[in-house]
Amino acid sequence: MVRHFLKDDDISAAEQAQILALASELKAAPYSHRPYEGPQTVALIFDKTSTRTRVSFSVGVSDLGGVPMVIDTGTSQMGKKESVADTARVLDRQVAAIVWRTYAHSGLEEMAANSSVPVVNSLSDDYHPCQILADLQTIQEHKGSLKGLKFAYVGDANNNMANSYLIGMALAGMHVAVAGPSQYLPNAAIVARAQEIAAEQGGSVLVTTDAVAAVSQADAIATDTWISMGQESEKEQRVKDFAGFGVDSELMSHAKSDAIFLHCLPAYRGYEVSAEVIDGPQSVIWDEAENRRHAQKALLVWLAAQK
Ligand code: CP
Ligand code: NVA
């Protein structure tokens, strides 16, 4: 049966570990797996802007012996003149996989329901699971393991990154703490799912409005923009609402002294993170950005092998 990757728990904990092991193998030997030899084509569809996702998937598909086909939906029929289901039926007869960055998560579900080839979420309003695989690979590289570590996220706790961190880090057996202003906390269903996974994997979940409590004794700290794609008109209000939730050196001082700092990027220095932290010695953001390529290649290799 074809497998899709739309959200972090579309794979099991064991499958996540298997993909991460493959990611480190592919980092050491980038051209060792060639599932798209032919070459087969992979559709990379973008409804929103991107630098890292576009580059890492394009390079990654080439590394795997395939041809990346970038489709900016502004220049295609999709979404305007043609339904998602009909688009899926056209694409799946010609491409090996469909990778899509979009707004409503339901679009990805519709694409997957109508596609005979794997559909991968490269960011929706609700999840960014490919980023989480790269972040897990980065933490594993710097800390040696994942299980039992404390991961803290501070900022917009109601966005795609917060949701994916809650689910993805719990799946890896980590203790996940998420902090944001009271009106920007994750919805109850996400928290309940993360708690269920954490109970199975030996981790825990903390959701709080207290940023210091979240980062206290953490091994890894992350944040993300306060204004996600599609929320640009709310900028003025959000900048006010998130005051006090920026990651700076003072906040970092409550984490373990060897804690690492992550950010999916793009970053807005002086807002969600200070320049001192993101450009400082604890920051691992460039490893994290590079690991998008390796982690996503591992995911694509793994998906291609599921029949
Ligand atoms: N982190 C991330 O997905 O970056 P892009 O928006 O540049 O793809
Ligand atoms: N939360 C951000 C992530 C960007 C990679 C957004 O959706 O814009």
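We count ligands from 1, going down the list as the structure has it; atoms in each ligand are counted the same way.
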*Asks:* Just to be sure I read this right, does ligand 2 sit under 4.0 Å from the backbone of Asp125, its side chain, both, or neither, counting only heavy atoms?
*Replies:* neither
*Asks:* As an exercise, identify every atom of ligand 2 less than 4.0 angstrom from a heavy atom of Asp224.
*Replies:* 1 (N), 2 (C), 3 (C)
*Asks:* For atom 2 (C) of ligand 1, find the nearest protein heavy atom and state the residue, atom name and distance (0.1 Å precision).
*Replies:* Arg292 NH1, 3.3 Å
*Asks:* Output the distance between atom CZ (Arg3) and atom CG (Leu303), rounded to the nearest 0.5 Å.
*Replies:* 8.0 Å
*Asks:* Does ligand 2 have any atom sitting under 4.0 Å from a heavy atom of Leu265?
*Replies:* yes
*Asks:* My understanding is that we take every heavy atom of each candidate and find the minimum distance to atom 3 (O) of ligand 1. Doing that for Arg101, Arg52, His263, Arg54, which one comes out nearest?
*Replies:* Arg101
*Asks:* Is Asp241 salt-bridged to Arg238, going by a charged N under 4.0 Å from an acidic O?
*Replies:* no
*Asks:* Are any of the N/O atoms in Leu123 less than 3.5 Å from those in ligand 1?
*Replies:* no
*Asks:* Any idea which protein heavy atom is nearest atom 7 (O) of ligand 1, and the distance to it?
*Replies:* Thr51 N, 2.7 Å
*Asks:* Applying the side-chain contact (heavy atoms from CB on, under 4.5 Å) criterion to Val284, which one of Leu262, Asn291, Ile139 satisfies it?
*Replies:* Leu262
*Asks:* List every atom of ligand 2 that sits less than 4.0 Å from any heavy atom of Asn159, numbering the atoms from 1 in the order shown and giving each element.
*Replies:* 1 (N)
*Asks:* Less than 3.5 Å between some nitrogen or oxygen of Pro266 and one of ligand 1, yes or no?
*Replies:* no
*Asks:* Test your reading of the structure: does Asn160 have an N or O sitting under 3.5 Å from an N or O of ligand 2?
*Replies:* yes
*Asks:* Do the charged groups of Asp72 and Arg54 touch, with an N to O distance under 4.0 Å?
*Replies:* yes
